[in-house]
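Only heavy atoms go into these numbers, but all of them, side chains included; no hydrogens, no water, no symmetry mates.
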Amino acid sequence: MTSVYEEKKITKAIMRVGLPSMLGQLTTLIYNIADTFFVSLTKEPATIAAVTLCAPILLIIMSIACIFGMGGSSVIARLLGEQKKQESGTTMNFCVYAMAFSGIATLVLGLVFLQPLARISGADADNMAYTCDYLKWIFAGAPFIMLANGFVHLFRSVGLIKEGTIGLVLGNVINMILDYIFIAVFGWGTAGAALATSLGFVCASVYYIVCMIREERRGNQLVPLTFKRFSPNAAMVRRVVSIGIPGALITVLMSVSNIVLNNYIGIYGSDAVASYGIAYKLDMIPILLSVGLAQGVAPLVGYYYGADKKKRMSDTVNYATLYGVLMGAVFTAAFILLGKPLASVFLQDAALIEQTGYFLKILCLSAPLLGVINMVTSYFQALGKAVKSLVITLLRNAVLFIPGVIFLNHFWELNGVIAAQPAVEAVLTGICLFMYIGDSRSGRG
């Protein structure tokens, strides 16, 4: 942990924390694409549409884990910078149990309100049965989905970077293997895809818990699992939740905006939803890599802030932002040139391939902008500046995006709906730069 946080070369420190996080996100992406690929073998657009419609619900479940995973990670990193190790360990213990309790509550409520949630997601008569099949098994695995996603952030904050990445990769690899068995061999369709997802998170959670037990037995006071250390106080909970809720709202509001988007795309039929689903899965490559870089660097930013090393902190943010922009530009060029060949991997119908390739060319225009947006968001989260992080989240997924979808749909119909993402993120990039520069110059960043 200390060797990473005290690394002399900023660029090397970024790579040490950023690359494992990006690797973890990459395997998440591969599993998402594999999920879609195996479901596409059914050659039923309705099944692909069902998986697309359920994605926001899965993201919402993950977002609840972010309250305690991202919120706890931010608090723990700053406490370590202040050399408060005992308090760091107690905070981590609280976050683990809070995620477990929240997962059980989500499991119960999700199964009780299964069909209403499917309808809210945009399911229609063609794909309602497939959507419910998928959601049923996702809710069954909700406690493990939350634990696995929260553990990733918490492990990074206490320096267990390798272990955090291994758990994420392990869960995703198992998910892909089970995808093949359940869908291609057993023919379980969307239910098989969801069951594979949940079992992957079960395996990841078990791995993380074993790691915590091992570290506790070695005397590592930063990762206590025993319930005896569960002693939250009002100040601790407030610090974690005040950062975690804006972090979670990023995913929740993204899910809400995706639900709105899916409903508008659904106006143009299941084929349009399926085409968008494939294009969006491919566009998730730069999105998740950018998120991985920003999230991996966040504990570094928080540690330097807590240790009052402001120059190193600003250098870390600036270099990471530059890397994110360059990476996004590479993907934009690749998708513009290879949109149709990539779509043909998942689809057989020529018209759908043409439409999917076109959608991808529009969506990928915002890839370079993500380097700015995601890093500035992580910067404010790492410093505990919840309000500014929340402002970016609200602008991105509610204030700008939802009206943008409605407005562009009115004037340009389906093309306008697809163009809403890059249009909104172009505006948001300027806002993020203005907020970051203002915060840095204020002397409080």
Side-chain angles (χ1 to χ4, degrees), residues 21 24 58-80 84 87-110 139 141-160 163-164 167-168 171 201-202 204-209 211-212 215-216 222-227 229-255 291 294-296 298-299 302 377-378 380-386 389-390 393:
S21 179
L58 178 57
L59 285 174
I60 289 174
I61 295 174
M62 292 178 177
S63 74
I64 300 172
C66 288
I67 295 176
F68 306 105
M70 294 179 68
S73 174
S74 174
V75 173
I76 290 167
R78 280 180 278 124
L79 288 172
L80 290 177
K84 296 179 179 179
E87 194 173 343
S88 297
T90 303
T91 301
M92 182 162 187
N93 181 277
F94 159 70
C95 291
V96 171
Y97 284 101
M99 289 186 301
F101 297 147
S102 300
I104 294 170
T106 302
L107 184 158
V108 174
L109 292 173
F139 281 121
F144 301 101
I145 294 172
M146 289 191 189
L147 282 172
N149 281 277
F151 271 131
V152 173
H153 300 289
L154 295 173
F155 272 40
R156 289 172 188 154
S157 68
V158 296
L160 298 175
E163 290 83 354
L168 188 58
F201 283 121
V202 169
S205 298
V206 170
Y207 169 80
Y208 287 130
I209 291 170
C211 286
M212 287 195 73
E215 290 295 317
E216 190 171 38
L222 299 180
V223 288
L225 187 61
T226 174
F227 196 72
R229 288 289 300 277
F230 184 75
S231 54
N233 55 65
M236 174 200 298
V237 175
R238 185 169 57 252
R239 285 197 299 269
V240 170
V241 172
S242 67
I243 298 301
I245 288 180
L249 280 175
I250 293 174
T251 308
V252 171
L253 291 176
M254 185 186 300
S255 300
V291 168
Q295 290 183 352
T377 303
S378 287
F380 287 125
Q381 289 171 349
L383 269 58
K385 299 187 176 184
S389 174
L390 182 58
T393 300

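In this structure, the separation between CG on Leu390 and CD1 on Ile243 is 10.5 Å, given to the nearest 0.5 Å. Atom-to-atom distance recorded for Ser205:OG and Phe144:CZ is 6.5 Å, nearest 0.5 angstrom. In this structure, Asn149 CG and Ile61 CD1 are separated by 10.0 Å, a value rounded to the nearest 0.5 Å. From Leu168, atom CG reaches atom OH of Tyr208 across 5.0 Å, with rounding to the nearest 0.5 Å.
Take Ala235 and apply the side chain to side chain contact (heavy atoms under 4.5 Å, CB included) test, not counting sequence neighbours, and it matches Asn233, Arg238, Arg239. Residues forming a side chain to side chain contact (heavy atoms under 4.5 Å, CB included) with Glu216 (at least two apart in sequence, or on another chain): Pro224, Leu225, Thr226. Scanning for side-chain hydrogen bond (donor to acceptor under 3.5 Å, both in side chains) contacts around Ser378 gives an empty result, with sequence neighbours left out. Residues forming a side chain to side chain contact (heavy atoms under 4.5 Å, CB included) with Tyr207 (at least two apart in sequence, or on another chain): Glu163, Ile166, Leu170, Cys211.
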Pair Ile145-Leu58, side chain to side chain contact (heavy atoms under 4.5 Å, CB included): steps then yes or no: CA-CA 9 Å; Ile145 294 172; Leu58 178 57; 3.9 Å; yes
Show me, pair by pair, the donor-acceptor contacts under 3.5 angstrom made by side chains of residues 64-79, not counting sequence neighbours?
residue : atom : partner : partner atom : Å
Ser73   : OG   : His153  : O            : 3.3
Ser74   : OG   : Arg78   : NH2          : 3.0
Ser74   : OG   : Gln381  : O            : 2.7
Ser74   : OG   : Ala382  : O            : 3.4
Arg78   : NE   : Ser74   : O            : 3.4
Arg78   : NE   : Ala382  : O            : 3.0

For a quick test of your reading: what N or O donor-acceptor pairs under 3.5 Å do the side chains of residues 98-109 make, sequence neighbours left out?
residue : atom : partner : partner atom : Å
Ser102  : OG   : Ala98   : O            : 2.8
Thr106  : OG1  : Ser102  : O            : 2.9

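Heavy-atom minimum distance, Val223 versus Met212: O-CE, 3.6 Å. In this structure, Phe201 and Ala148 approach most closely via the heavy-atom pair CD2-CB, 3.6 Å.
Using a 4.5 Å heavy-atom cutoff, the side chains of Val96 and Phe151 are in contact. Here the side chains of Thr90 and Ser231 are in contact, with some heavy-atom distance below 4.5 Å.
Counted within 6.0 Å of CZ on Phe94, heavy atoms from surrounding residues, nucleotides or ligands total more than 12; the atom is thus considered enclosed.
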